[in-house]
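All values reported here derive from a predicted model rather than from experimental measurement. Throughout, protein chains are lettered first and strands after them, A, B, ... in sequence-line order, and every chain is numbered starting at 1.
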Protein chains: 2
Amino acid sequence: MNEKIKILIADDHPLYREGIKQTLAKIECVISECSNGEEAIKLILEQKPDVAIVDLRMPVKSGLDVLSELAGGQNNAKIILLTMYENLNYFYQAVSFGAKGYLLKGNAVDELIPAVKEVFAGGVFVSVNLRNEIDSVHKKEYEHKALIFSINTLTEAEKKIVKLVGDWKTNGEIAELLSISKRTVENHRAHISEKLNLRGTHSLIRFAIQNREFF
Amino acid sequence: MNEKIKILIADDHPLYREGIKQTLAKIECVISECSNGEEAIKLILEQKPDVAIVDLRMPVKSGLDVLSELAGGQNNAKIILLTMYENLNYFYQAVSFGAKGYLLKGNAVDELIPAVKEVFAGGVFVSVNLRNEIDSVHKKEYEHKALIFSINTLTEAEKKIVKLVGDWKTNGEIAELLSISKRTVENHRAHISEKLNLRGTHSLIRFAIQNREFF
DNA sequence: TTAAAAATGAGTAGTTCTACTCATTCATAA
DNA sequence: TTATGAATGAGTAGAACTACTCATTTTTAA
């Protein structure tokens, strides 16, 4: 990577632009700058920078406006969005508008150069905090779906028993309440534990209490 | 009770005064009325009624104002407060100002005559709903104190074990974590259950989870 | 109508915990 | 200094639950 990267910085805060310039001083680059979204659009079309580092919150036009107005155009500037907050909605919008990078200001010092290099090389870059956030949201969604799925494999009789287990009833009490044999309750519990992939003496009670809402 | 009871009704809502009068028509009484707290004080001092039925919320001066201004005076009017809400703070204030009756409007139709008779005879009267409320609050306070007391009889080693039981650890796991014998953990659990008056296989787990905050 | 799934029940072995009793060591407070 | 409580440990019996296997009857869906 010997050629100088042409970079545009768009941020309404001069001090912040300065910080970005200082950080980028470690790589070979030509930097131009502006302080709002409208200027950013104009300069990206005129100067055709390789990479544009654009603040999400700017006067006149926001970073998302810049992305949406340039989307599908002839320019080939890779746009990196800069923002304060770990709001996934903005991130998803930015991605849908064709952003190549999404940097949290808190991570910017460490990640700015890697991000510029990555998007310049044709890749994408997302701040590690946001990646973790996305992972955890996906994980939670997956776990929730898996939970609902497992619960739906339970039959009505089995669900009844889970409910009573969650009310701290013993097998003997459940048998009495449902007018069935204690052995039948034990068998149901075994089937339930198998379906829910539970093992150990208290795991079903724990499950029943933690997922009380579904029973 | 053959003499006519002299009753003052103080309520800013004429319709409500009418309802009270209709209800009191079943007993021998002489009724006068007014529509705010200031008038009520004046009439109580002038007419010296036996019983004053005073709304808590009134313009100019409230029922509590009436009570506090007459407190310690020479009048011997027994004051019954009328109110909408089961707010115990108002009740306690009213009692401290010397109210002889505290009636909830929801209970008034049934309780008005018993209340008037009771306070006229020198007793006190509190709406049944409020009595229940007070009982339940006292019961909760008592139970809470009893709980704190039992928990404080536990030794440090025992508290540690309750915490781990609440984390769904088995005796074997607890033994390993604390580097003591499984039999010792079992003995501690036995002592704990005795102190807390618990019995049954799951009762300690249940206790530990429900009172997690104390460990 | 027939095959699969669900609900019911039991046998047997093993784990986890309770419910008693008892003993040893240690610190601390009377 | 002695005795009391706290922490540690164990014996034994039984209750509660798991972890398999198996069987019968009923319901449901193909």
Side-chain angles (χ1 to χ4, degrees), chain A residues 145-212 214-215, chain B residues 145-212 214-215:
Chain A
K145 279 179 190 160
L147 175 68
I148 299 293
F149 179 78
S150 335
I151 290 176
N152 282 334
T153 66
L154 299 181
T155 65
E156 287 309 308
E158 287 166 348
K159 285 181 187 173
K160 247 185 236 171
I161 288 186
V162 174
K163 194 202 165 308
L164 292 169
V165 168
D167 290 338
W168 298 95
K169 304 290 186 211
T170 66
N171 285 350
E173 290 168 333
I174 294 171
E176 188 133 355
L177 282 166
L178 301 182
S179 303
I180 53 179
S181 148
K182 187 166 155 262
R183 296 298 285 106
T184 303
V185 178
E186 290 173 359
N187 287 323
H188 279 311
R189 274 178 93 136
H191 293 145
I192 294 164
S193 290
E194 198 180 2
K195 285 180 181 178
L196 300 179
N197 210 30
L198 301 173
R199 61 209 71 246
T201 309
H202 298 129
S203 54
L204 184 55
I205 298 184
R206 187 177 184 174
F207 175 88
I209 290 170
Q210 290 178 341
N211 301 290
R212 194 175 275 283
F214 299 116
F215 296 97
Chain B
K145 279 179 190 160
L147 175 69
I148 299 292
F149 179 78
S150 336
I151 290 177
N152 281 334
T153 67
L154 299 181
T155 66
E156 288 309 308
E158 287 167 348
K159 284 181 186 171
K160 247 185 237 171
I161 289 189
V162 174
K163 196 204 163 306
L164 291 168
V165 168
D167 290 339
W168 299 95
K169 305 289 186 209
T170 65
N171 285 350
E173 290 167 334
I174 294 171
E176 189 132 357
L177 283 166
L178 301 182
S179 303
I180 54 178
S181 149
K182 188 167 155 260
R183 295 299 283 104
T184 303
V185 178
E186 288 173 0
N187 287 322
H188 279 311
R189 274 178 92 138
H191 293 146
I192 295 164
S193 290
E194 199 181 358
K195 286 180 180 178
L196 301 179
N197 209 28
L198 300 173
R199 60 209 71 247
T201 310
H202 298 129
S203 53
L204 184 54
I205 298 183
R206 188 177 182 173
F207 174 88
I209 291 169
Q210 290 177 341
N211 301 289
R212 194 176 275 283
F214 299 115
F215 297 96

Can you check the B:R206 CZ to C:dC17 C1' distance for me, whole Å? 17 Å
I'd like to compare against my own output: the B/S/- annotation of nucleotides 15-22 of chain D with a strict under-4.0 Å heavy-atom distance to protein. -SSBS---
Go along nucleotides 24-30 of chain C 5' to 3' and tag each nucleotide: B for a protein heavy atom under 4.0 Å from its base, S when only backbone or sugar atoms are that close, - otherwise. -------
Please state whether the phosphate of D:dG9, meaning OP1 or OP2, lies under 4.0 angstrom from any side-chain nitrogen or oxygen of B:T184. yes
Measure the distance from NE2 on B:H188 to P on D:dA10 and round it to the nearest whole Å. 13 Å
Just so I know, are the side chains of A:W168 and B:I209 near enough to count as touching, which here means a heavy-atom distance under 4.5 Å? yes
Could you give the angle between the helix axes at the two ends of the helix from C:dT1-D:dA30 to C:dA30-D:dT1, with five pairs per end, rounded to 10 degrees? 40°
Between P of C:dA5 and NZ of A:K195, the distance in whole Å: 11 Å
Would one find more than 12 heavy atoms of other residues, nucleotides or ligands at under 6.0 Å from atom NZ of B:K195? yes
Atom CD of B:E173 and atom P of C:dT15 are separated, to the nearest Å, by 15 Å
Please examine the side chains of B:I192 and B:V162, heavy atoms only from C-beta on, and report whether any two atoms are closer than 4.5 Å. yes
Is the B:H202 ring parallel, tilted or perpendicular to the A:H202 ring (thresholds 30°, 60°)? perpendicular
Any salt bridge (charged side-chain N to carboxylate O under 4.0 Å, His left out) involving residues 162-176 of chain B? Give me the pairs, sequence neighbours left out, ordered by first then second residue. B:K163-B:D167, B:D167-B:R212
Do A:T153 side-chain atoms and A:S150 backbone N/O form a donor-acceptor pair below 3.5 Å? yes
For A:S203, side chain to side chain contact (heavy atoms under 4.5 Å, CB included) partners two or more places apart: A:L198
Assign A:S181 to base, sugar-phosphate, or nothing according to its heavy-atom contacts below 4.0 angstrom with the strands shown. sugar-phosphate
What's the CD-P distance between B:E194 and D:dA6, to the nearest Å? 12 Å
Check this for me, if you would: do B:E186 and B:K182 make a salt bridge, where the nitrogen-to-carboxylate-oxygen distance has to be below 4.0 angstrom? yes
I need the CD1-P distance between A:I180 and C:dA6, as an integer number of Å. 16 Å
Expressed in angstrom and rounded to an integer, what is the separation of B:E156 atom CD from D:dG5 atom P? 18 Å
Under a 4.0 Å heavy-atom criterion, the protein footprint on nucleotides 25-30 of chain D, written with B, S and -, is ------
